[in-house]
Amino acid sequence: MTEPDDHVIVLFGATGDLAKRKLLPGLFHLAVAGLLPDGYRIVGSTPARSAMSEDAFRAHAHDAVATFGRSKPTGPVWESFEESLSFGAADPEDPGPLLAAVRAAEDSLGGRPRRLFHLAVPPSAFGSVIGMLGDTDLAGNAKVIVEKPFGTDLASARVLNDTINAVFDESRVFRIDHFLGKESVDNILALRFANGMFEPNWNRDHIRYVQIDVPETLGLEGRAHFYEGTGAFRDMVVTHLIQVLGIVAMEPPVSLAAQPLRDEKDKVFEALRPIEPGDVVRGQYEGYRDEPGVAPDSTTETFAALRVEVDNWRWAGVPFHLRSGKNLAQGRQVITLGLREPPLRMFPTDLPGQEKNRGNKIVIDFGDPGWIAARFLAKEPGPAMRLAPATMAFGYAGSFCEENGLEGYERLILDAMLGDQSLFTRADGIEHIWAASTPLLDNPPPIQPYAPGSWGPEPAVSELIAPYPWHLPDPAEVLPGTSGTSPAGT
Ligand code: BG6
């Protein structure tokens, strides 16, 4: 594998939740895995009002890695990682400390390292940070990673694209959606396009419905400031779930290079039917309005379920059911493709509970480590021709050497250093998604309350996709020996 050139990585939002949970632990894991370049420096940045000293930033990184990292902060790799960390505050009117920190980091590496800026800041701050990079010489030949959600609607996404492209040309822009970096999401490409077994069935002739279900047990986790202005639709659906939908629904690209892959994915977004308010259920868990930082009359949704359609030759008439929410009964990340029923004329079909098993299903659990299962009918042993549900399953855990596996952010930060945009979202694709979301955003249905630990507002959620059920098999049933659902919601 190619090694990235030497880099100075600047983390905006260095003391925020994302940096703490994912970015600092992820960067350290890349160091442990030997995937960072020989020469690298990481500069943390925040506005001056939350600035910290270099020592405090190193201590902060240590805590973050110790709490959330897979690789623990000890030994020589940690020592050199810690030494690579520095801090430089930046405000649009005073970027001085950041400029000084970046120059010091570059000088310490010698030569001409590349710059990579990661904007782990709320969407409302993207514009001012980009503007500041453009006003100084920091943007130079640098690359920029921009977090989701990218804008809050079509108009703001367009403005943001213009703002970014005024400073960075498109080849240097990496709009990140960390679900696209997950091993098991990437594996959907392998499943579909490296096997002769699935793709011939992967269309409206054989598939009745597709479900992409990402319930979370997690609540707000102290992120009210971000979440109140975002909500489940913008935080999860318009971003992660629809990106996964793009991978599930796309046509085979001519290669996995960035352009053909993104062309095909973006064509799916272009074909999305406008999302009408009647096809959406918005929920809010009881107690949300009492969370610190949440308005007492907040109408931010913490749950969204949708029925969407991809209006193209392959998928016309096949409903895609999407669901995600906070404080739900389980934390799962599951795609189900429900296949059409064969006639089954010669088999008894009136056995209790059999109705729901008649159509085969392909189930992809893309929560780490992930598994794939085909649910089908088999004959029960005995003199009578009785059918019973059966499963063929592949589990990532224990199937391969997992040592080389990377988490979403790790993989994508590495790709950004390498300049590979394949798994990053593109301006036109995002604009198509916002365009399809416009009827819903213009006229959102009222929020409905739901009990924490439930499956969202009932009966609305079940009625939304009737006659289909929400299908969420217990992993322990599919893959005996797995631990069941993830309490952390990951
Ligand atoms: C983030 C959302 O992008 O994804 C969070 O902002 C969500 O609200 C998280 O909890 C889920 O990602 P993962 O990989 O931790 O399951």
Side-chain angles (χ1 to χ4, degrees), residues 13 16-26 29 64 67-70 118-126 145-152 174-187 212-244 247 283-285 288 291 293-294 300-304 322-335 364-370 396 405-413 423-425 430 433 452 472 475 485-490:
D17 189 69
L18 180 61
K20 185 171 67 188
R21 281 173 188 274
K22 306 267 190 185
L23 305 183
L24 290 163
H29 183 75
T67 313
F68 297 105
R70 290 190 283 166
H118 192 136
L119 271 55
V121 294
S124 53
F126 292 158
I145 298 180
V146 188
E147 274 298 329
K148 43 80 32 182
F150 193 87
T152 50
F174 295 78
R175 295 175 195 79
I176 199 165
D177 186 303
H178 77 278
F179 274 39
L180 293 179
K182 286 178 186 271
E183 284 282 353
S184 43
V185 171
D186 220 8
N187 192 34
I212 301 174
D213 200 5
V214 185
E216 293 185 285
T217 51
L218 288 176
L220 261 199
E221 308 287 308
R223 296 164 74 216
H225 174 60
F226 163 80
Y227 201 81
E228 262 287 86
T230 308
F233 181 74
R234 293 183 173 92
D235 184 36
M236 296 295 289
V237 177
V238 90
T239 48
H240 303 320
L241 273 72
I242 294 195
Q243 288 300 326
V244 171
I247 302 269
Q284 188 185 74
Y285 66 80
Y288 174 74
E291 299 262 15
V294 171
T300 298
E301 80 284 348
T302 61
F303 172 98
L322 312 184
R323 173 171 71 171
S324 186
K326 298 286 186 199
N327 244 331
L328 295 178
Q330 291 180 20
R332 301 288 299 279
Q333 304 185 337
V334 178
I335 300 162
I364 302 168
D365 185 316
F366 62 98
D368 286 331
Y396 253 107
L406 294 179
E407 286 192 352
Y409 270 107
E410 296 161 2
R411 164 75 191 274
L412 294 174
I413 293 172
L423 297 175
F424 292 85
T425 60
I430 287 186
I433 299 172
L472 208 53
T485 58
S486 145
T490 54

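All ligand and atom numbering here is 1-based and tracks the order in the structure. Quick caveat: nothing in here was measured; it's all calculated off a predicted structure.
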Next on the checklist: Going by side-chain contact (heavy atoms from CB on, under 4.5 Å), name the residues that satisfy it together with Glu221, two or more places apart in sequence or in a different chain.
Outcome noted: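 With sequence neighbours excluded, Glu221 shows a side-chain contact (heavy atoms from CB on, under 4.5 Å) to Arg21, Leu218, Arg223, given in chain and number order.
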Item to check | With sequence neighbours excluded, residues passing side-chain contact (heavy atoms from CB on, under 4.5 Å) with Ser324 | outcome: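 Residues passing side-chain contact (heavy atoms from CB on, under 4.5 Å) with Ser324: Val214, Met236, Leu241.
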Checklist entry - Hey, is Glu221 one of the residues with a heavy atom under 4.0 angstrom from ligand 1? => result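 In this structure, Glu221 fails to qualify as a contact of ligand 1 - no heavy atom is under 4.0 Å.
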Next on the checklist: Can you tell me if Arg21 contacts ligand 1 (heavy atom of the residue under 4.0 Å from the ligand)?
Outcome noted: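 No, Arg21 has no heavy atoms under 4.0 Å from ligand 1.
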Numbering the atoms of ligand 1 from 1, which are under 4.0 Å from a heavy atom of [X]?
{"X": "Arg223", "value": "2 (C), 5 (C), 6 (O), 8 (O)"}
{"X": "Lys148", "value": "1 (C), 2 (C), 3 (O), 6 (O)"}
{"X": "Lys22", "value": "13 (P), 14 (O), 15 (O)"}
{"X": "Lys326", "value": "5 (C), 7 (C), 8 (O), 10 (O)"}
{"X": "His240", "value": "1 (C), 3 (O), 4 (O)"}
{"X": "Asp235", "value": "2 (C), 5 (C), 6 (O), 8 (O)"}

Checklist entry - Within the structure, does Tyr227 bring an N/O atom to less than 3.5 angstrom of an N/O atom in ligand 1? => result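 Looking only at distances, the answer is no, because the N/O contact criterion of under 3.5 Å is not met.
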Next on the checklist: Is there a side-chain contact (heavy atoms from CB on, under 4.5 Å) between Leu412 and Phe174? Walk through the geometry before answering.
Outcome noted: CA-CA 9 Å; Leu412 294 174; Phe174 295 78; over 6 Å; no
Next on the checklist: Using a strict threshold of under 4.0 Å (side-chain N to carboxylate O), is an ion pair present between Arg70 and Glu410?
Outcome noted: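 Salt bridge between Glu410 and Arg70, a charged N being under 4.0 Å from a carboxylate O: yes.
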Checklist entry - Between Lys148 and Asp235, is there a side-chain N and carboxylate O pair less than 4.0 Å apart? => result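 Yes, Lys148 and Asp235 are salt-bridged.
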Checklist entry - CZ/Phe303 to CZ/Phe233 distance, rounded to the nearest 0.5 angstrom? => result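 One finds 13.5 Å between CZ of Phe303 and CZ of Phe233.
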Next on the checklist: Which heavy atom of Glu183 sits nearest to which heavy atom of Tyr396, and what is that distance?
Outcome noted: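 For Glu183 and Tyr396, the tightest heavy-atom pair comes out as O-OH, 4.2 Å.
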